[in-house]
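Reviewing the structure listed below.
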Amino acid sequence: MPDRAPQPVERQLPTEEARDLIALVRDIVQREIAPRAAEEEDAGRFPREVFSLLSDSGLLGLPYDSGFGGGDQPYEVYLQVLEELAAARLTVGLGVSVHSLACHALAGYGTKEQRTEHLPAMLGGGLLGAYCLSEPSSGSDAASLRTKAVREGDDWVITGTKAWITHGGVADFYTVLARTGVEGPRGITAFLVPGDAEGLSAATPEKKMGMKGSPTAQLHFDGVRVPDARRVGDEGQGFAIALSALDSGRLGIAACAIGVAQAALDEAVTYATGRQQFGRPVADFQGLRFLLADMATQIEAGRSLYLAAARLRDAGLPFSREAAMAKLFCTDAAMKVTTDAVQVLGGYGYTADFPVERYMREAKVLQIVEGTNQIQRMVIARHVVGPESR
């Protein structure tokens, strides 16, 4: 059996424009991202120039209104772009998803004046965003956040610490959720904070087992002053804004997970069809053939699940349950597929000479970010059987 080179994913895309878009992404991936991904991840290098290129190419604002610099693309197309990027380098795919999440509040809840002033630069002007919800003492229980914003005349003064912030310290703007009123979800408000605001500083990035090229850091707000014109939505509306953003963000994580899984499968197939043992390719042995078949099936099921949820979103229908299901299934599948890819490569899979060990380390974080998979199960169960008894 000859070596079998991986084939590009055959995508069902709604328009010729979308097909051209995927072709553009694949060209950028092959020229600018994939060749340096392993080396730069190992060195912990953040590829800011790649995000600048993506911005210049119109790829940082795909699901948003073209009137404000976006790409007017449906979510089913945007998510497939994320998948392609994540397959090449998760730092890039996840980074685009986080940037889109950071733009969500202003795009969905900002005034026309705010959107006119800020969105063009955020969506296509070279800026990079970050999303600030989690804190050292409030992760899954986000409604208990303690960062405070106190009104002083026409300004708000923000004090507190945010944690686990992707792009922390390198972002140009932060969408920040802070407490402006009573305890609980009704006392939280959203703000758009410039990355160079006085009193804003980033801690040393976390030392992570994967995604070393993507900085994750605490952010300290030491009396950061922002004008009321940078408050997004009504006072007390912040938590609702955050939840609506997370539903969409979970689909981004699902797509990234399938991208990583696809990359792992492609590597496993290439190895299994080229590696000779007992006088024939190891892909001839039923144990490995069945393993590869299961990997491919999980990937295709996950892709179908996230696209079905995206189409609900594009149709203006409720999709919270489906987003949670997609995030849960796709990230669990990515963890299983990448682990199995290491097994296919045997001892070589455990070395840094092949990328599957990196894929396995990267897949783990996807089960945690933007709502752990235990939280996703809670969300799904509430849709299925109703809220828990108190």
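Hydrogens, waters and symmetry mates play no part in the numbers below; they use all other heavy atoms, side chains included. Predicted model, so just to flag it, every value in this text is computed and none were measured.
- Note on I375 and V365: separate hydrophobic clusters, where clusters join Ile, Leu, Val, Met, Phe, Trp and Tyr whose side-chain heavy atoms are under 4.5 Å apart, directly or indirectly.
- Nearest heavy atoms, A202 versus G168: CB-C, 4.3 Å.
- Between the side chain of T297 and the backbone N or O of A293 there is at least one donor-acceptor pair closer than 3.5 Å.
- Pairs engaging residues 336-347 under the salt bridge (charged side-chain N to carboxylate O under 4.0 Å, His left out) rule: K336-D340 [sequence neighbours left out].
- A cation-pi arrangement is absent between R231 and F191, since the terminal nitrogen or guanidinium carbon is not both under 6.0 Å from the aromatic centre and inside a 45° cone about the axis.
- Considering only heavy atoms from C-beta on, L62 comes within 4.5 Å of L59 through its side chain.
- Q114 places a side-chain N or O within 3.5 Å of a backbone atom of T111 that can act as its donor or acceptor partner.
- Judged as a salt bridge (charged side-chain N to carboxylate O under 4.0 Å, His left out), the pairs with a partner in residues 236-249 (not counting sequence neighbours) are, in order, D247-R250.
- Applying the ring pair (Phe, Tyr, Trp, His ring centres under 6.0 Å) test to residues at least two apart or on different chains, the pairs with a partner in residues 350-380 are Y348-F354.
- The hydrophobic clustering, which links ILVMFWY residues whose side-chain heavy atoms are closer than 4.5 Å, places Y306 and V96 together.
- Taking the side chain as every heavy atom from C-beta outward, P227 and D155 approach each other to under 4.5 Å.
- Residues meeting the side chain to side chain contact (heavy atoms under 4.5 Å, CB included) test with L288, sequence neighbours left out: V282, L291, V344.
- Counting heavy atoms from C-beta outward, Q262 and E267 have side chains that stay 4.5 Å or more apart.
- Defined by atom type and a distance below 3.5 Å, a donor-acceptor pair is missing between the side-chain atoms of T161 and E135.
- Across all their heavy atoms, T166 and S214 have their closest contact at CG2-OG, 3.6 Å.
- For the pair R115 and L106, the tightest heavy-atom approach, listed with the atom from each and the gap, is CG-O, 3.3 Å.
- Atom CG of D20 sits in a crowded spot, with more than 12 heavy atoms from other residues, nucleotides or ligands closer than 6.0 Å.
- A donor-acceptor contact closer than 3.5 angstrom links the side chains of R313 and S248.
- Taken from CD in Q374 to CG in L328, the straight-line distance is 9.0 Å, to the nearest 0.5 Å.
- Other residues, nucleotides and ligands place more than 12 heavy atoms under 6.0 Å from the CD atom of E16.
- Environment of CZ in R186: sparse, with no more than 12 heavy atoms of neighbouring residues, nucleotides or ligands closer than 6.0 Å.
- A donor-acceptor pair under 3.5 Å links the side-chain atoms of D314 to the main chain of E76, judged by distance alone.
- Counting heavy atoms from C-beta outward, L53 and S57 have side chains that approach closer than 4.5 Å.
- The number of heavy-atom neighbours closer than 6.0 Å to CD of Q286, taken from other residues, nucleotides and ligands shown, is 12 or below.
- Heavy atoms from other residues, nucleotides or ligands lying under 6.0 Å from NZ of K148 number 12 at most.
- Summarising the geometry of L82 relative to G252, their closest heavy-atom pair is CD1-CA, 3.6 Å, with the distance given to 0.1 Å.
- Considering every non-hydrogen atom in both G126 and S55, the closest pair reads N-OG, 2.9 Å.
- Legend: residues meeting salt bridge (charged side-chain N to carboxylate O under 4.0 Å, His left out) with E49, ordered by chain and number and at least two apart, are R45.
- Looking at heavy atoms from C-beta onward, V170 lies in side-chain contact with P215 at the 4.5 angstrom threshold.
- Although no hydrogens or angles enter the test, the distance criterion places a donor-acceptor pair under 3.5 Å between the side chain of K327 and the main chain of G371.
- Linking Ile, Leu, Val, Met, Phe, Trp and Tyr residues whenever their side-chain heavy atoms come within less than 4.5 Å leaves I380 and F319 in two separate clusters.
- Pairing each heavy atom of P63 with each of S100, the nearest pair is CG-OG, 3.8 Å.
- A donor atom on one side chain and an acceptor atom on the other are found under 3.5 Å apart for E41 and T91.
- K364 places no side-chain N or O within donor-acceptor distance of the main-chain N or O of M335, the cut-off being under 3.5 Å.
- Inter-residue side-chain proximity for D284 and R289 is flagged as met; some heavy-atom pair is nearer than 4.5 Å.
- Using a 4.0 Å cut-off between charged nitrogen and carboxylate oxygen, R225 and E198 do not count as a salt-bridge pair.
- Within the 4.5 Å cutoff, no side-chain heavy atoms of R11 are placed close to those of R19.
- With contacts defined as side-chain heavy-atom distances shorter than 4.5 Å, the pair R275/P281 does not qualify.
- A donor-acceptor pair shorter than 3.5 Å can be found between the side chains of N373 and T331.
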List the atom pairs, with distances to 0.1 Å, where a side-chain N or O of residues 172-182 and a protein N or O form a donor-acceptor pair under 3.5 Å, not counting sequence neighbours.
| residue | atom | partner | partner atom | Å |
| --- | --- | --- | --- | --- |
| D172 | OD2 | R48 | NH2 | 2.6 |
| D172 | OD2 | L128 | N | 2.8 |
| Y174 | OH | G169 | N | 2.9 |
| T175 | OG1 | A102 | O | 2.6 |
| R179 | NE | L145 | O | 3.1 |
| R179 | NH1 | V182 | O | 2.6 |
| R179 | NH1 | G184 | O | 2.8 |
| R179 | NH2 | A143 | O | 2.7 |
| R179 | NH2 | L145 | O | 3.1 |
| T180 | OG1 | T189 | OG1 | 2.6 |

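- R151 places no side-chain N or O within donor-acceptor distance of the main-chain N or O of W156, the cut-off being under 3.5 Å.
- Hydrophobic cluster membership is shared by V92 and F46, with clusters built from Ile, Leu, Val, Met, Phe, Trp and Tyr side chains linked at under 4.5 angstrom.
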ask   = After noting the C-alpha distance and the side-chain angles of R89 and E40, does the key distance pass the salt bridge (Lys or Arg N to Asp or Glu O under 4.0 Å) rule?
value = CA-CA 10 Å; R89 187 176 179 186; E40 292 192 353; 2.8 Å; yes
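- Remark: the backbone N or O of W164 is not paired with any side-chain donor or acceptor of Q218 at under 3.5 angstrom.
- A donor-acceptor contact shorter than 3.5 Å is absent between the side chain of H167 and the backbone of A130.
- Hydrophobic clustering, with ILVMFWY side chains joined whenever heavy atoms are under 4.5 angstrom apart, keeps F239 apart from V232.
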